Number of protein chains: 2
Amino acid sequence: MKEKKVTLKSLSHSLGISVSTISRVLNGLGEEYRISKETISLITTTANKLNYSPNNIAKGLRLKRSSTIGLIVPDITNTWFAHLALGIENQARKHNYNIFLCNSNDDIKVEKKSITLLKNWMVDGIIIAPIGIEAEHLIKASKTGTPLVLIDRFFEGVDLPYIVSNDFEGALEANQYLINNGHKRIACFQGLVDTSTNNQRLSGYKKALKTNKIPFDTELVTGSDFGFNSGYICAKKLLKNLAKTKVTAIFSMGNQITLGILKAFKEEGIKIPEDISLVTFDEQIYSDLLLTPLSTVSHMNENLGDLALKMLLDQIDMNDTKKPKNVILKSELIIRESVKNLMHKK
Amino acid sequence: MKEKKVTLKSLSHSLGISVSTISRVLNGLGEEYRISKETISLITTTANKLNYSPNNIAKGLRLKRSSTIGLIVPDITNTWFAHLALGIENQARKHNYNIFLCNSNDDIKVEKKSITLLKNWMVDGIIIAPIGIEAEHLIKASKTGTPLVLIDRFFEGVDLPYIVSNDFEGALEANQYLINNGHKRIACFQGLVDTSTNNQRLSGYKKALKTNKIPFDTELVTGSDFGFNSGYICAKKLLKNLAKTKVTAIFSMGNQITLGILKAFKEEGIKIPEDISLVTFDEQIYSDLLLTPLSTVSHMNENLGDLALKMLLDQIDMNDTKKPKNVILKSELIIRESVKNLMHKK
DNA sequence: ATCAATTGCGCAATCGTTTGTGCAATTAGA
DNA sequence: TCTAATTGCACAAACGATTGCGCAATTGAT
C-alpha cells in the first residue's frame, strides 16, 4: 500500500548510476563535473517521472542550513502581525524559503523556548517581534550564527538590526492633534509596559503635553497590555472616575485596546466624540466603518514583510560583511470623526 | 568568536563516554540500559551545564519524523484562520509539536507545492483548509503516510477526516430570518465558487427560498471569492441595478466580503438596515461595534484548534487503527440591528 | 608505440542522531 | 577454581543528502 519514498539511493539502484552523479546532475552541476549529455537527460527525465524531490531534512543536516526562516510574533490573530506574516511568507516562497511560525503570546519564556527550538531546526535566520524586555537570548542567538531581524520593537543600546514604526512621531502627532482641538486632559491607554513600542508612544504622548505646557498626570496613564480586555477594563474604570479626572479624550496605543474601549462605551452608552474623543494607533480595514469612524495612526506598510525578509536574506548571504541599516517606517495620522473640537466653546 | 555547537559527539569527547551512552541517558533510557547512577548524573549535569539540546534535523533524519505538523490556510490575515492557527499552535506546543505555516492564497498550485514541501520536511501530519476544488494530491498524501485533517472545507465523496462548520444550517437559518422579516428579494454574495463552504451556504440559501416558495433567481447570486474586493465590486453593481432587481436584503458569505459591502454602501450613502438589510457569515469581535451592529452567523469556535490538533494526533498515534469521526460544528445566528422588518408595512 | 591529458563517473566521508548488537569486566553459583 | 550470569558500556550501521578526491578508460600528441 505505502509506496516507498523515492530517494537518491533508489534512483541510483534503478538507473545503475551512482548516487553522487545523480545528486550532482539534479543540482545542476552536471556540466561542471563533465557528466555526459545522455546521462544527464536520462537522470533528469526519470527523476521527473518518478517524481523525485529531495528530503529537506537530510539536505539540512548535510548542508547545515535549512532554507527555512523562523518567524516569532506575539499574536498571529493581531491583524498587524498577520499581514506581516503573510508578506514574509509570500516573499519567502519566491526565494525558496519556508516559514516556521511561533506565537510567543507576549511571554518571554515562550519566546526563549522558540528561539532555541528554531536554532535546533537550523533555521537560516529569524524574524522576531520580540517581547522587548530582555535581549540576552537574542544577542546570543545572533552571535552564535543565526541572523536576526527585529520587527516592530527594538532594544535601545543593543546592536541588533531592526525595522520599526516611528512610534514616537506617531504618538506625538496624534496627541498634538487632540491638543489642537482643545483637549488638555488626555487619558493614555497603554500596551505592554517597557516594550520599545510602548515606551516610544508614551514618550510621544509626554512630549506633546510638554510642548503645549500641559502637566503630565501619571494617573491618566493606564493599561497593562495590547489586548482587548486591557482596553475594556481601563475604559470602565475611566468612566467611573470621569468627574474627578475630567478626561475629555483618549489616546489608545493599539487596535485591540480600542475595541475594548468601544465595547465598554457601547455598554455604558458613551458616545464618541460627543462624550469623549478618541485617537488610536493601528489603522484597520474597518476603522472607517465603525459607529464612529476613528481617527487613527496608520503604520501598516504593505511591503513590510518584503522589507524584513530582504533584510534577513541580506544578512544570510553577505556573511557579516556589513551591518544592515535599520529602518524606521513613517506613520500617518488619518483624521476622521472621533475627535470633538472643544475650541468653539470658548 | 562563534562558539561551537555542543553535540553528542562533543559531549562524548569532553566526558570520555561514548555517544550512544550519552544519547540513551538523555533520552531517559539510562536505567533500561543499566547505565550506572554516577554516569547518568554526570551526563545529565554536564549536558545541562553546557546547555545541550539536540539537533532536530539530525533527529528527524534518523527517526523519520519531525515532531512538526504542517498547517495550510488560504489566508492568515483572515481572523478566522488566524484564530485557528493560534489555537493549533498553543495546543501543539503542549504536545511538543511545532507548526510549519503555509498560506495557499486560495491558489491550488501553491497548495500542491506546499503539500510536497511539507512532506519533504517529514511533517508528522498536516492540517489543511483546502482550496476545495481538487483532492487528488491530498488523497495521495494521506495514502503515502502523512495523516491529514481537513478543516473548514471538505470533499463530498472523499474519505478524508474533516472538521467543518454547519454551513448549510447556518445559511438556512440566516435566510429564514430574512424571510421572516418580510424579505423576498435576497441577494446572495458568495465566496470562492465550488468550494464546499460555498456550496453548502448556497444550498442553505436556496433551501430557505424553496421552503418559503420564493423563486430562485440566479441573477441575485454574485461574487467570486471571499475577499474584500469581491464584496465591494458586487455591492456597487447591486446598487446600480437596484430598481430593476428590487433587492431588499443581502446574505453575505464572509466577513471580508461584508466589509467590502459596507465600504461601498458608505461611499454611496446607503444605510443599513433602512435602505438594505444585511445578514453575514463570520462573527467578528467588532461586528457589534460597526455603524450598524450586524446580525451574523457565528461559527467561530474557541477550541477549534484543539479539536483539529487532537484529531490529527490521534491519527498519528493510532496508526490507522480506526477512522476518526468527522466533526460538524454548530453555528449560531446572532441577531442585531442590520435587518429591517418589512412586515409592519402592510 | 608510449606517455600525458582529458573524459566520465564512482568511492567514501560527513552532518548529528538513534539503536541493535557485542564484548570485557565483575559478580554469583557450584 | 571454573563456569555462568550479570553489569556497564562501546561499536558501528543507518537515515538521505552533498562533495573532495581518485581512478579507469578514452583521446591526443610525439
Side-chain angles (χ1 to χ4, degrees), chain A residues 4-44 47 50-68 116-117 119-124 145, chain B residues 4-44 47 50-68 116-117 119-124 145:
Chain A
K4 271 272 183 144
K5 184 87 171 70
V6 32
T7 70
L8 283 188
K9 205 195 270 185
S10 74
L11 276 179
S12 164
H13 242 86
S14 50
L15 285 179
I17 298 178
S18 81
V19 169
S20 41
T21 298
I22 299 180
S23 167
R24 285 193 251 255
V25 167
L26 294 181
N27 282 319
L29 301 177
E31 304 257 336
E32 191 177 328
Y33 278 82
R34 306 176 315 244
I35 314 294
S36 68
K37 301 272 183 207
E38 303 91 50
T39 315
I40 290 185
S41 73
L42 177 64
I43 292 177
T44 49
L50 296 184
N51 232 313
Y52 169 79
S53 80
N55 181 315
N56 284 326
I57 288 199
K59 214 164 160 173
L61 181 57
R62 174 64 225 241
L63 296 180
K64 288 173 150 297
R65 57 186 169 73
S66 59
S67 294
T68 289
T116 60
L117 181 104
K119 288 188 64 178
N120 288 334
W121 272 107
M122 292 187 167
V123 295
D124 298 349
Chain B
K4 271 268 183 149
K5 183 89 170 65
V6 31
T7 70
L8 284 187
K9 204 195 271 184
S10 75
L11 276 179
S12 165
H13 242 88
S14 50
L15 285 178
I17 298 177
S18 81
V19 170
S20 42
T21 299
I22 299 179
S23 168
R24 285 194 248 255
V25 168
L26 295 180
N27 282 318
L29 300 178
E31 304 258 335
E32 190 177 329
Y33 279 82
R34 306 177 315 246
I35 314 293
S36 69
K37 301 272 182 208
E38 302 91 51
T39 315
I40 290 186
S41 74
L42 177 64
I43 291 176
T44 49
L50 297 185
N51 232 313
Y52 170 78
S53 81
N55 182 317
N56 283 327
I57 288 200
K59 215 165 159 171
L61 181 58
R62 174 65 224 241
L63 297 180
K64 287 172 153 297
R65 56 185 170 75
S66 60
S67 294
T68 289
T116 60
L117 181 103
K119 288 188 63 179
N120 287 334
W121 271 108
M122 292 188 169
V123 295
D124 299 350

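Here is the naming used below: chain letters follow the sequence lines, and residue numbers restart at 1 for every chain. Only a predicted model underlies this, so the values are computations on that prediction, with no experimental measurement involved.
Here A/Lys59 contributes atom NZ and B/Leu61 contributes atom CG; the two are 14.0 Å apart, rounded to the nearest 0.5 Å. Interatomic distance, CG of B/Leu117 versus CG of A/Asn56, reported as 6.0 Å (0.5 Å rounding).
For A/Thr21 and C/dC9, the shortest distance from a side-chain N or O to OP1 or OP2 is not below 4.0 Å. One finds a side-chain N or O of B/Lys64 lying less than 4.0 angstrom from the OP1 or OP2 phosphate oxygen of D/dG16. Contact annotation: A/Lys5 side-chain N/O to D/dC15 OP1/OP2 distance is not under 4.0 Å. Phosphate proximity of D/dA17 to A/Tyr52: present, with a side-chain N or O under 4.0 Å from OP1 or OP2. Taking side-chain N and O atoms only, B/Ser36 has a distance below 4.0 Å to OP1 or OP2 of D/dC9. In terms of phosphate contacts, B/Lys9 brings a side-chain nitrogen or oxygen within less than 4.0 Å of OP1 or OP2 of C/dC15.
What separates CZ of A/Arg34 from P of C/dG10 is a distance of 13 Å, to the nearest Å.
Interface remark: the B/Thr7 side chain does not form any donor-acceptor pair with the C/dC15 base, using a distance-only criterion of under 3.5 Å. A/Thr39 contributes no side-chain N or O that forms a donor-acceptor pair with the base of C/dC9 under 3.5 Å. Interface remark: the B/Arg24 side chain does not form any donor-acceptor pair with the D/dG8 base, using a distance-only criterion of under 3.5 Å.
Counting any heavy atom pair closer than 4.0 Å across all strands shown, A/Ile17 reaches sugar-phosphate atoms only and no base atom. Within 4.0 Å (heavy atoms only), A/Gly30 reaches no atom of the nucleic acid at all. Using a 4.0 Å heavy-atom cutoff across all strands shown, A/Asn56 reaches no nucleic acid atom at all.
Heavy-atom nearest nucleotides on DNA chain C were determined for A/Ile35 and for B/Leu61, and the one closer to the 5' end corresponds to A/Ile35. In this structure, B/Leu63 and B/Tyr33 both approach DNA chain D, and ranking their closest nucleotides by distance from the 5' end singles out B/Tyr33.
With distances taken from any side-chain atom of A/Ser20 to the nucleotides D/dG8, C/dA12, D/dG16, the minimum falls on C/dA12.
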